[in-house]
Amino acid sequence: MQHPLSIYNTLHRKKEQFVPLQAPHVGLYVCGPTVYGDAHLGHARPAITFDILFRYLTHLGYKVRYVRNITDVGHLEHDADEGEDKIAKKARLEQLEPMEVVQYYLTRYHQAMDKLGVLPPSIEPMASGHIIEQIALTQRILDAGLAYESGGSVYFDVEKYDKSFNYGELSGRRIEDMLSNTRELDGQSEKRGPLDFALWKKAQPEHIMRWPSPWGEGFPGWHAECTAMGRKYLGEQFDIHGGGMDLVFPHHECEIAQAKASQAGEAMVRYWMHNNMITINGQKMGKSLGNFITLDEFFTGEHKQLDQAYSPMTIRFFILSAHYRGTVDFSNEALKAAEKGLQRLLDADALLDGLQPSSETSLPEVRGLKERAYAALNDDLNTPIVIAELFDAARIINSVHHKQATITAEDLEELRTSYRLFLHDLLGLRDERLSEGASSEAFKGAIDLLLSLRQEAKSRKDWATSDKIRDELTALGFVIKDTKEGTEWSLA
């Protein structure tokens with residue numbers, strides 16, 4: 001590979017060349033959802049962003065172990081150490097077992113990810129299945145003298161940790177500023193300091209999800225799960241940890257502190273990657289803000305803010321049209337533009353097999369396509385540039401198809417392989433218009449056969465049969481166009 005992969009490391013606030021710890025193996029951990037409601041557009045963004053990274057690293061020949069967790073316990077309301085567990089609250093309101101809530105929404109999350117073309121991770125651990133590891137992590141931090149027990153709960157001592165290490169290294173926050181902006185404790189808290197966070201929480205009598213521990217019955221703190229599970233499956237040091245930008249503080253900052261405190265100051269993660277937010281009228285889209293549109297609502301169009309239904313691939317294309325570190329503001333106009341753009345790329349793909357070479361002169365723009373698209377992905381996964389390259393390639397495909405340009409056999413082969421490599425394999429975009437049951441070749445063949453029968457009917461001046469075939473196909477959702485070169489079809 002001519003250009004090595006560079007990724008933006010949030011920890012150092014700059015792009016850095018990616019060099020794995022133990023090539024060809026790569027350890028990748030990404031924070032998954034807290035499953036107490038349907039996945040929305042904000043959940044689609046990290047899933048698609050890190051799906052591109054997973055696909056690309058695999059394509060480059062790395063053996064990637066991709067761990068994406070499921071939070072099913074310990075994530076309290078308002079991302080705080082007080083209040084009710086988000087899943088337990090949902091279970092109480094719906095009169096269900098917490099694990100019924102988890103199973104229901106996890107199944108729906110998987111279905112939505114599958115529609116979006118997101119590959120499943122190598123391992124999908126659940127917080128409730130790793131209580132032992134979280135208790136062990138808490139004990140290691142206590143043994144290091146950087147946590148304390150208080151009323152059956154265990155808290156991380158942030159100020160004490162900051163004296164030896166730097167609390168705030170990921171987010172750029174300074175402990176003095178955070179302390180001056182935090183109201184003084186009223187003496188009723190179990191915490192010694194306002195910045196301290198729970199590693200283990202004592203369960204109140206009404207708390208449903210609870211486990212025995214050396215400190216009494218309770219449940220793990222939200223931040224503990226990712227440190228414990230990342231370390232279990234990827235080792236005490238691994239390559240990449242990803243998630244949404246909203247997790248930088250406090251979640252990922254606390255993860256760094258937990259890892260260093262329990263590993264004698266050794267960092268666990270080498271590259272921290274964060275995708276930016278999806279906004280709606282300039283405000284972050286999220287369940288807690290109540291301003292979200294679920295993925296199912298996008299797919300059906302059943303939401304007051306949607307003009308129409310948008311297919312999963314339109315959503316994927318919309319997200320990939322912006323760089324993962326830039327914000328994406330939802331609007332119907334932007335989604336309709338994405339729908340049209342994707343259509344253009346897929347229509348060009350459908351024409352590729354029918355193109356014939358008829359030239360001795362090579363097209364330089366075809367020759368450089370693969371290299372330019374690789375260079376874009378190597379530059380911190382710049383998918384908008386890859387898409388721009390595909391639009392240029394689609395223009396060439398259309399020109400050759402309409403006999404406005406010619407192409408050599410070698411260039412045509414290069415165009416086919418490069419176009420499909422980036423469109424399908426690396427960007428993960430597929431043509432949803434072809435029925436999943438039938439093979440696309442058989443499907444295209446059947447339509448071409450009908451159109452050739454229509455052509456025969458026209459040559460016999462059997463206009464009734466010719467019109468019947470066209471009208472029936474149109475009624476089924478096909479667009480039939482008669483051109484000088486012959487009849488073309490596409491799906492509406």
Side-chain angles (χ1 to χ4, degrees), residues 30-51 54 66-77 79 84-130 208-209 222 225-226 229 242-244 246-247 275 277-278 280 284-306 308-319 328 330 335 428 430 432 436:
V30 174
C31 289
T34 302
V35 280
Y36 68 101
D38 274 334
H40 56 70
L41 196 59
H43 293 116
R45 193 163 196 200
I48 290 169
T49 296
F50 293 102
D51 182 58
F54 182 33
Y66 177 16
V67 181
R68 186 185 67 207
N69 73 298
I70 297 295
T71 298
D72 61 350
V73 66
H75 195 171
L76 304 188
E77 294 175 286
D79 299 349
E84 205 170 351
D85 185 294
K86 292 183 179 190
I87 284 158
K89 181 181 181 182
K90 183 83 171 179
R92 179 173 59 74
L93 295 173
E94 306 270 338
Q95 294 187 302
L96 295 167
E97 268 286 326
M99 287 303 146
E100 278 182 282
V101 172
V102 167
Q103 191 62 55
Y104 177 77
Y105 288 111
L106 181 55
T107 301
R108 289 173 66 80
Y109 176 75
H110 285 152
Q111 287 166 345
M113 293 303 112
D114 193 45
K115 286 177 184 168
L116 288 169
V118 171
L119 300 173
S122 321
I123 304 174
E124 193 174 53
M126 295 170 82
S128 65
H130 296 78
I208 323 171
M209 301 167 86
W222 174 38
E225 61 173 292
C226 292
M229 294 192 294
D246 54 334
L247 296 178
N275 62 276
M277 299 296 95
I278 298 235
I280 183 159
K284 175 200 156 186
M285 183 182 281
K287 281 185 203 159
S288 52
L289 297 166
N291 65 346
F292 61 93
I293 303 173
T294 71
L295 291 170
D296 266 5
E297 286 167 338
F298 276 104
F299 304 157
T300 60
E302 288 168 12
H303 189 281
K304 63 182 185 299
Q305 286 188 270
L306 297 175
Q308 60 173 72
Y310 297 99
S311 77
M313 284 298 116
T314 298
I315 300 291
R316 187 178 177 100
F317 186 76
F318 167 67
I319 285 171
V328 172
F330 154 80
L335 278 165
R430 61 173 188 264
E432 295 160 305
E436 287 175 22

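This chain uses plain numbering: 1 for the first residue, then up along the sequence.
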Taken in chain and number order and not counting sequence neighbours, the residues that satisfy side-chain hydrogen bond (donor to acceptor under 3.5 Å, both in side chains) with T49 are none
Applying salt bridge (Lys or Arg N to Asp or Glu O under 4.0 Å), name anything that partners E94, two or more places apart in sequence or on another chain. K90
Atom CD of Q308 with >12 non-hydrogen neighbours under 6.0 angstrom: yes
Side-chain heavy-atom pair R108, Y104 within 4.5 angstrom cut-off: yes
Ring pair (Phe, Tyr, Trp, His ring centres under 6.0 Å) partners for H40, two or more places apart: H43, F292
What residues, two or more places apart in sequence or in another chain, satisfy ring pair (Phe, Tyr, Trp, His ring centres under 6.0 Å) together with F50? none
Holding to ring pair (Phe, Tyr, Trp, His ring centres under 6.0 Å), I want the full list of residues that pass it with Y105, two or more places apart in sequence or in another chain. none
For the CD atom of E297 and the CG atom of D38, what is their distance to the nearest 0.5 Å? 8.0 Å
So, using side-chain hydrogen bond (donor to acceptor under 3.5 Å, both in side chains) as the criterion, who are the partners of H303 when residues are at least two apart? none
Taking atom CG of L335 and atom CD1 of I315, what is their separation to the nearest 0.5 Å? 5.0 Å
Please evaluate residues L295 and K115 with respect to the criterion side chain to side chain contact (heavy atoms under 4.5 Å, CB included), reporting the C-alpha separation (whole Å), side-chain torsions for both, the decisive distance (0.1 Å), and the verdict. CA-CA 10 Å; L295 291 170; K115 286 177 184 168; over 6 Å; no
Side chain to side chain contact (heavy atoms under 4.5 Å, CB included) between V101 and V35, worked out: CA-CA 8 Å; V101 172; V35 280; over 6 Å; no
According to side-chain contact (heavy atoms from CB on, under 4.5 Å), who are the partners of E84, at least two apart in sequence or on a separate chain? E77, K89, R92
Does D114 have any salt bridge (Lys or Arg N to Asp or Glu O under 4.0 Å) partners at least two apart in sequence or in another chain, and if so, which? none
Residues forming a ring pair (Phe, Tyr, Trp, His ring centres under 6.0 Å) with F298, sequence neighbours excluded: F330
Side-chain contact test, heavy atoms from C-beta onward, threshold under 4.5 Å: evaluate it for I87 versus H75 and give yes or no. no
Could you please spell out the steps behind the side chain to side chain contact (heavy atoms under 4.5 Å, CB included) verdict for I293 and L41? CA-CA 6 Å; I293 303 173; L41 196 59; 5.8 Å; no
Could you pull out all residues at least two apart from D51 that satisfy salt bridge (Lys or Arg N to Asp or Glu O under 4.0 Å)? R55, R316
Only counting residues at least two apart or in another chain, list the ones meeting side-chain hydrogen bond (donor to acceptor under 3.5 Å, both in side chains) with S311. T314, E432
Tell me the closest heavy-atom pair linking A47 and M113, and the distance in Å. CB-SD, 3.4 Å
Considering residues at least two apart in sequence or located in another chain, which fulfil the salt bridge (Lys or Arg N to Asp or Glu O under 4.0 Å) criterion with E97? none
Are T71 and K86 close enough, and set up right, to give a side chain to side chain contact (heavy atoms under 4.5 Å, CB included), and what steps lead you there? CA-CA 10 Å; T71 298; K86 292 183 179 190; over 6 Å; no
May I ask you to test the H130-E225 pair for a side-chain heavy-atom distance under 4.5 Å? no
